[in-house]
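No hydrogens, no waters, no symmetry mates; every other heavy atom, side chains included, goes into these values.
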Amino acid sequence: MNHPVRIAIGQLCSSSNLTKNLSTVTGLIADALDKECRLIFFPEATDFLSRNNRHAQFLAQRTPAFVEELQQRIRTLVRDKARPIDVSIGVHMPSPPGSTDKRTKNTLLYINHEGKILDEYQKVHLFDVDIKNGPIIKESNSVQPGASLPRVIDTPVGMLGSAICYDIRFPELAAYLRSQGAEMICYPSAFTMKTGEAHWELLGRTRAIDTQCFVIMPGQQGVHDIFADEWVDETAAETAKLSIQRESWGHSLIIDPWGTVIARSTAKVEPQLVIADLDFALLGKVRQDMPLEHQRRRDLFYR
């Protein structure tokens, strides 16, 4: 690509109300169209954030309708604005009817300007940590791990490799995407506050340098209203509501292949666009000057 192309991140703070979240997404897409962005990236779990596993299973039954309505809204916005835009968005897909595994599927969808789903990636690395005298987080209690590597897809902006959140800690996945032709890698996320402060930007810049790709990091940001829907947990005491809080780090970033942050969100929590023009001439120069992909010792590491 010989000229810069404009992309956007739609940063938001999803609640447990899918209708409200869809309205926020629609507004951000409209703003991105007005700013001549060709592709917009939304975070992991844009459809909803939940209180617990049962709540997630309940809400995920509504995600297919959320996606269908989003597809229609994309078509309508593109028609009304007379300008195309594609959308990458993280959602929870429910288990198929009759499945014995009721856990949701943490999924990244790529929807084109015609409202067609061109790609689906199910998160393969799940955030399971058990820290002695510290927090215990088991994403695998509520989420099914994916069993397939992501595809690199041809977008109007460039070749895109998809990953999700915790995937960013596994450089072999990023290296695989680069080997498949990726020029951009996205990591839609809902990072915790502690890990976000410590590693979010560091990991993104490292993956950009490793792969010589643009790295796009859409993050959920802020304290999530996980009591914004009508679901009632009959097994929980009313006082439990006071002790549950989910907060995400945010700080969405767009990083160039040299590891330089070229766009970042502000400190505010309300929905916002993060916009950058991607310079593919720079990508070509970085790869030419330091031809890492051709210098990899596959004879030693991949046998």
Just to verify, which of Leu177, Leu108, Asp119 counts as forming a side-chain contact (heavy atoms from CB on, under 4.5 Å) with Pro150?
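Filter result, single survivor: Leu177.
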Could you state the interatomic distance from [atom1] ([X]) to [atom2] ([Y]), rounded to the nearest 0.5 Å?
{"X": "Ile29", "Y": "Ile85", "atom1": "CD1", "atom2": "CD1", "answer": "6.5 Å"}
{"X": "Met159", "Y": "Cys213", "atom1": "CE", "atom2": "SG", "answer": "11.0 Å"}
{"X": "Leu59", "Y": "Trp231", "atom1": "CG", "atom2": "CH2", "answer": "8.5 Å"}
{"X": "Thr46", "Y": "Leu22", "atom1": "OG1", "atom2": "CG", "answer": "10.5 Å"}
{"X": "Lys105", "Y": "Ser95", "atom1": "NZ", "atom2": "OG", "answer": "6.5 Å"}
{"X": "Thr107", "Y": "Ile89", "atom1": "OG1", "atom2": "CD1", "answer": "12.0 Å"}

Minimum heavy-atom separation for [X] and [Y], please, with both atom names.
{"X": "Ala174", "Y": "Tyr187", "value": "CB-OH, 3.5 Å"}
{"X": "Gly250", "Y": "Trp200", "value": "O-NE1, 3.3 Å"}
{"X": "Gly10", "Y": "Ile40", "value": "N-CG1, 3.9 Å"}
{"X": "Arg103", "Y": "Ser142", "value": "CB-O, 3.3 Å"}
{"X": "Gly219", "Y": "Gln11", "value": "O-CG, 3.1 Å"}

Under 6.0 Å between ring centres, would you say that holds for Tyr121 and Tyr110?
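Ring-ring flag for Tyr121/Tyr110: false, centres at least 6.0 Å apart.
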Is a salt bridge present between [X] and [Y], judged by a nitrogen-to-oxygen distance below 4.0 Å?
{"X": "Lys285", "Y": "Asp279", "answer": "no"}
{"X": "Asp167", "Y": "Lys123", "answer": "no"}
{"X": "Arg298", "Y": "Glu293", "answer": "yes"}

Cluster check [X], [Y]: I/L/V/M/F/W/Y, side chain < 4.5 angstrom:
{"X": "Phe170", "Y": "Ile168", "value": "no"}
{"X": "Ile209", "Y": "Val215", "value": "no"}
{"X": "Met217", "Y": "Met184", "value": "no"}
{"X": "Ile216", "Y": "Leu282", "value": "no"}
{"X": "Val152", "Y": "Ile164", "value": "yes"}

Candidate pair Glu247 and Val223, rule side chain to side chain contact (heavy atoms under 4.5 Å, CB included), full reasoning:
CA-CA 4 Å; Glu247 185 174 7; Val223 177; 3.8 Å; yes
Is [X] reaching over with its side chain to a backbone N or O of [Y], donor-acceptor style, under 3.5 angstrom?
{"X": "Gln272", "Y": "Thr266", "value": "yes"}
{"X": "Thr63", "Y": "His92", "value": "yes"}
{"X": "Ser265", "Y": "Ser252", "value": "yes"}

Apply the test side chain to side chain contact (heavy atoms under 4.5 Å, CB included) to residues Val25 and Arg73: give CA-CA distance (whole Å), side-chain angles for both, the deciding distance (0.1 Å), then the verdict.
CA-CA 10 Å; Val25 166; Arg73 293 191 185 193; over 6 Å; no
Assess the residue pair Asp225 and Phe227 against the criterion (side chain to side chain contact (heavy atoms under 4.5 Å, CB included)); give the C-alpha distance rounded to whole Å, side-chain angles, the decisive distance to 0.1 Å, and a yes or no.
CA-CA 5 Å; Asp225 183 358; Phe227 292 89; 4.0 Å; yes
Could you check if a side-chain atom of [X] sits within less than 4.5 angstrom of a side-chain atom of [Y], using non-hydrogen atoms only?
{"X": "Glu36", "Y": "Arg83", "value": "yes"}
{"X": "Asp229", "Y": "Arg51", "value": "yes"}
{"X": "Asp47", "Y": "Asn21", "value": "no"}
{"X": "Pro188", "Y": "Ser88", "value": "no"}
{"X": "Leu173", "Y": "Ile185", "value": "no"}
{"X": "Asp233", "Y": "Arg54", "value": "yes"}
{"X": "Met290", "Y": "Gln212", "value": "yes"}
{"X": "Glu139", "Y": "Asp128", "value": "yes"}

So if I apply the side chain to side chain donor-acceptor pair (under 3.5 Å) rule between Ser248 and each of Gln220, His224, Gln221, which one comes out positive?
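Output: one option passes, namely His224.
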Going by atom types alone, do Arg75 and Gln72 pair a side-chain donor with an acceptor below 3.5 Å?
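Present: a donor and an acceptor within the cut-off.
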Kindly determine whether Gln57 and Ser50 satisfy side chain to side chain contact (heavy atoms under 4.5 Å, CB included), including the steps that lead there.
CA-CA 9 Å; Gln57 292 170 17; Ser50 64; over 6 Å; no
